[in-house]
Amino acid sequence: MAEYRLGVQLHGHADDVRGVCVCGDAGIATSSRDRTVKFWTRNPEKESEYVLSKTLAGHSSFVGPLAWIPPSDRFPEGGIVSDTVRCLAAMPGLGILSASHDSTVKLWALTGQPLLEMIGHSSLVYSVDAHSSGLIASGSEDRSLKIWKVEKENLVDGVCVQSIEHPGCIWDTKFLENGDIITACSDGTARIWTTDTNRFCSDEELASYTDLISQYTLSRKTVGGLKLMDLPGVEALQVPGNSDGQTLIVREGDNGVAYSWNSADLKWDKIGEVVDGPGDTAQGQVHDGVRYDFVFNVDIGDGEPIRKLPYNHSDDPYAVADKWLLKENLPLTYRQQVVEFILQNSGQNNFVPDSSFRDPYTGANAYVPGGQPSSSDGNAPKQIFKHIPKSGMLSFETAQFDGILKKVTEFNATLSSDSEQKQLSLSETEMSRLPAIVKVLKETSFYHTSKLADADMVLLVKILKSWPPKMLFPVIDFLRMFVLHPDGAALLLKTIETGNDVLLETFHKAVAPPVQPANLLTILKAVTNLFDNSCLHQWLRIHCAEIIDSMSNCKSSFSKNAHLAYATLLLNYAVLSIESKDEQSQAQILSAALEIAEDDTQDFDSKYRALVAVGSLMQKGLVKSLALDLDVKSVASSAKASMDSKIAEVGADIELLAR
C-alpha cells in the first residue's frame, strides 16, 4: 500500500488539540484544552487546504471528543456536540472498536463478544477510528499514529502496516471520506496525512517536521534513567561538592557524564559516560530527575491530562497525597482516594500509619481512618489535633509557561502596532530573554546551582511599571514563579531596598478600580509565593494590614480560584504572625479567616485553609480569647457537621481548643 505523508497542518488552537470530528461534506471540527471548538472548511481556491471558518467558545473547561449532527429542520446547517468521554468507533459491517488504557485496540461484536486485538502501542491509547477500506487508525500517549489492516474474511489479530511519530501525545484521530487521516496532537497542531501525492506537503515543510521530531526525541533522551535535558550543564562543576565521593551527572553534548568530588584535591574527578542499562527499569522509575520506587499515571478524568505521582515504599502515603494534591492544585477532598490508589497500586494493602509521623504541611499526625489517639503513659492524655497548628508555608508552584509567554508576546505585538504605545513594547532582544528565564525557572531541581541575572529583574521591572493594567496579568504570573527561585526573591528584595518598590506598586495597580479579575488572581498567588523565601518576610509583615484590607475590599470580584488563593494567603500570614508574635496582625487575620469559614458559598478547600488558620492562631497565637468573643464555637460546630471529612476534623480540633 502507498505510504501516508503529511498533507496539511491546521494551526489555530492555543493548547492541546483533544478532539476531531468529520462533519460530512461541511468541514472538520477540532476541540482543544483552550476551551474552544474550531470549524475548518476547504479553501475554495485550493481544494487540498483547509481554512478556519468559525471559533465556537463557551466551554468553561477543556473540550474533548466531538460528534456531528447532520443538517435537519431543527439544525439547517448541522450541529456539533462536544465538556468528555473515552473513545469508541464503529467498524462498518463488523462491530465496535475501543481504545484502551492497556495499550491495545480491540474490536467487539455488537453482542459484546471480543473479535480481535491489535497490540503495538507502548502506552495509553486515546483514540481509534475505522475506514470503509478496512483500515483502522489509532492514536496514543506513546506519540504514534498507528495504521492497521483488518481483513473482514479473516478476523485474526490486526496487522500494523504503518506507524507515524508525532511531537507529542495524540489525543484523537479520524478518517476523512477520501481515506486521509487527521490527528489531534498535544503540541497544539492538527495534521492531515494522505497517500495521494497531489496532496503531499512541500519538501521544505516535511523537512521541518522531521527536524521537529528529532529535536523532540533528543529532549526525551535518558541516560542512566535520567532525562538528558534535565541534567545540569558543565557549569555545575564550578560548584564544590558537599562530601568526598559525592557523585554528579552533567550534560556534555548529547551525553551524560558522571563526576566524583575529590575532597583532597578540591576538584571533580571524571568517572565516565553514563548509559542506560538493562537493569535500570527494575530499580524504579525517574520523575523530575529523581528515582522513585513507583511513578504512577493518575487519570483524574474531566478532560484533565494524565498526572504523574511519584512514590517510595518508605513514604507515608497520606503525606505524599497531601503534597501531591497541593502541587497539582487539586481539591484536598481527593485525599483518601489518592491514598487508597497508592496503597492498592504499590501492593501495600496492609499499610499501618506511623504514629510518630508529622505532616510537613500542617505539622499534624497522619490521618488514620477510624483511628483514635491513645495515651502512652498513665497520665491524662494530651490534646491531639489532626490539622493544627499549621507549620511551613504553602505556595502555587505550577505554571503554564507556554501560555504566559504566548500572552506576553500577544500583548507586546499589540503595543508595537499602536503608534501611541509603541514605546512601551519590548525589543526583540528583550523578548528573547523571557524564554531563557523560563528555562531556568522550569528546572526546579537545579535551583541550588542555577542563577538569574540582574538584567532579568530589570526587564521584569520595566514591564510591570510601564504596561497598562489590562495587560499585566501574565507578567504578574511570571513574577509569581520568578520569586520562587532563591535568586529571584533576592533580586526583588535588592530592587525594593534601592527605593524602587515595584512589588507594592504592582499590588496597587492590581487592586485599583476598575478591578481586573485576572490581575486579582495572579497578584494573590504572587504575594502568597513571597512567603516561600524568608528574605521577603519583613516586607510581608510591613504590608500585612494593607494587603489584607485591600483584598477583602475586592472579594466581590473574586473567582473561585481567587477565593482559594486568598484563603492560602491568610493561612501563610497566620504562620508568619505566630512566628513574629504580632498580636495586631493575628487579630486581623483571624477576623478575615472567620469570614471565609462562616461563608456557606465557599468551596471546601478555601474553607478548610481558613479554618486551619483560625485553629493555628488560637493554639499558637495570642488571639484565643478574641476568637471566643467572635463566637468561634459556633463556627466549629458548623464545620463539624460538614460533609467534607477534613473540614469536619478541623472543626473538631477548634471545638476542642475552645473548651
Side-chain angles (χ1 to χ4, degrees), residues 1-10 17 19-30 40-42 47-50 65-68 70 78 86-100 103-111 113-121 125-140 142-166 170-185 190-201 206 209:
M1 59 168 285
E3 284 196 350
Y4 280 88
R5 275 183 57 177
L6 180 64
V8 180
Q9 301 191 81
L10 310 182
V17 182
V20 173
C21 181
V22 179
C23 306
D25 295 331
I28 297 169
T30 57
W40 312 80
T41 57
R42 288 195 181 276
E47 186 70 6
S48 63
E49 293 184 354
Y50 283 80
L66 306 169
W68 166 243
R86 286 302 179 193
C87 190
L88 297 172
M91 182 71 179
L94 285 178
I96 299 292
L97 290 162
S98 67
S100 174
S103 307
T104 66
V105 175
K106 296 182 176 68
L107 176 63
W108 309 80
L110 296 179
T111 60
Q113 176 188 359
L115 298 178
L116 63 85
E117 184 176 57
M118 284 154 270
I119 300 174
H121 284 293
V125 184
Y126 288 124
S127 57
V128 65
D129 196 28
H131 190 255
S132 57
S133 63
L135 291 180
I136 295 171
S138 59
S140 167
D142 66 9
R143 302 189 294 112
S144 72
L145 161 67
K146 290 191 181 295
I147 302 161
W148 313 80
K149 182 70 174 176
V150 173
E151 300 290 345
K152 295 182 181 180
E153 298 78 14
N154 184 23
L155 282 180
V156 295
D157 287 351
V159 177
C160 181
V161 294
Q162 189 176 353
S163 184
I164 302 175
E165 192 173 4
H166 281 59
I170 302 174
W171 290 116
D172 204 359
T173 180
K174 290 288 188 297
F175 276 102
L176 304 183
E177 280 192 20
N178 60 8
D180 288 356
I181 302 171
I182 182 168
T183 55
C185 184
R191 297 176 173 87
I192 296 177
W193 306 87
T194 182
T195 59
D196 188 335
T197 58
N198 295 322
R199 296 196 293 272
F200 284 176
C201 68
L206 181 61
Y209 180 77

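All residue numbers refer to positions in the sequence shown, counting from 1.
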Ile119 side, atom CD1; Trp148 side, atom CH2 - distance, nearest 0.5 Å: 8.0 Å
Side chain to side chain contact (heavy atoms under 4.5 Å, CB included) between Ser138 and His121, intermediate numbers included: CA-CA 9 Å; Ser138 59; His121 284 293; 2.7 Å; yes
Side-chain donor or acceptor of Asp172 paired with backbone N/O of Val20 under 3.5 Å: yes
Atom of Ala99, atom of Val128 and distance for their closest heavy-atom approach: N-CG1, 4.0 Å
Heavy-atom closest pair, residues Ser48 and Arg199: CB-CG, 4.1 Å
Considering all heavy atoms, the nearest Gln162-Glu3 contact: OE1-CA, 3.9 Å
Distance, nearest 0.5 Å, that separates CZ of Arg5 from OG1 of Thr195: 12.0 Å
pair Leu145-Arg191: side-chain heavy atoms closer than 4.5 Å: no
Gap separating the OG1 atom of Thr183 from the CD atom of Gln9, nearest 0.5 angstrom: 9.0 Å
Inter-residue atom distance Leu10.CG - Glu49.CD, 0.5 Å rounding: 10.0 Å
Interatomic spacing from OH in Tyr4 to CZ in Phe200 - rounded to 0.5 Å: 10.5 Å
Steps toward side chain to side chain contact (heavy atoms under 4.5 Å, CB included) verdict (Val105, Glu117): CA-CA 6 Å; Val105 175; Glu117 184 176 57; over 6 Å; no
Matching residue for Cys201 among Val8, Ile192, Leu6 - test: side-chain contact (heavy atoms from CB on, under 4.5 Å): Leu6
Centroid separation His166 to Trp171 less than 6.0 Å: no
Distance-minimising heavy-atom pair for Ala130 and Ala90: CB-O, 3.6 Å
Donor-acceptor contact below 3.5 Å, side chain His131 vs main chain Ile136: no
Donor-acceptor side-chain pairing of Thr194 and Asp196 below 3.5 angstrom: no
Exceeds 12 heavy-atom contacts within 6.0 angstrom, atom CG of Asp25: no
Chi angles and distances behind the side chain to side chain contact (heavy atoms under 4.5 Å, CB included) call for Ser140, Lys146: CA-CA 9 Å; Ser140 167; Lys146 290 191 181 295; over 6 Å; no
Sidechain-backbone polar pair: Asp129 side chain, Phe175 backbone, donor-acceptor under 3.5 Å: yes
Approximate separation, where rounding is to 0.5 Å, of Leu135 CG and Ile147 CD1: 7.0 Å
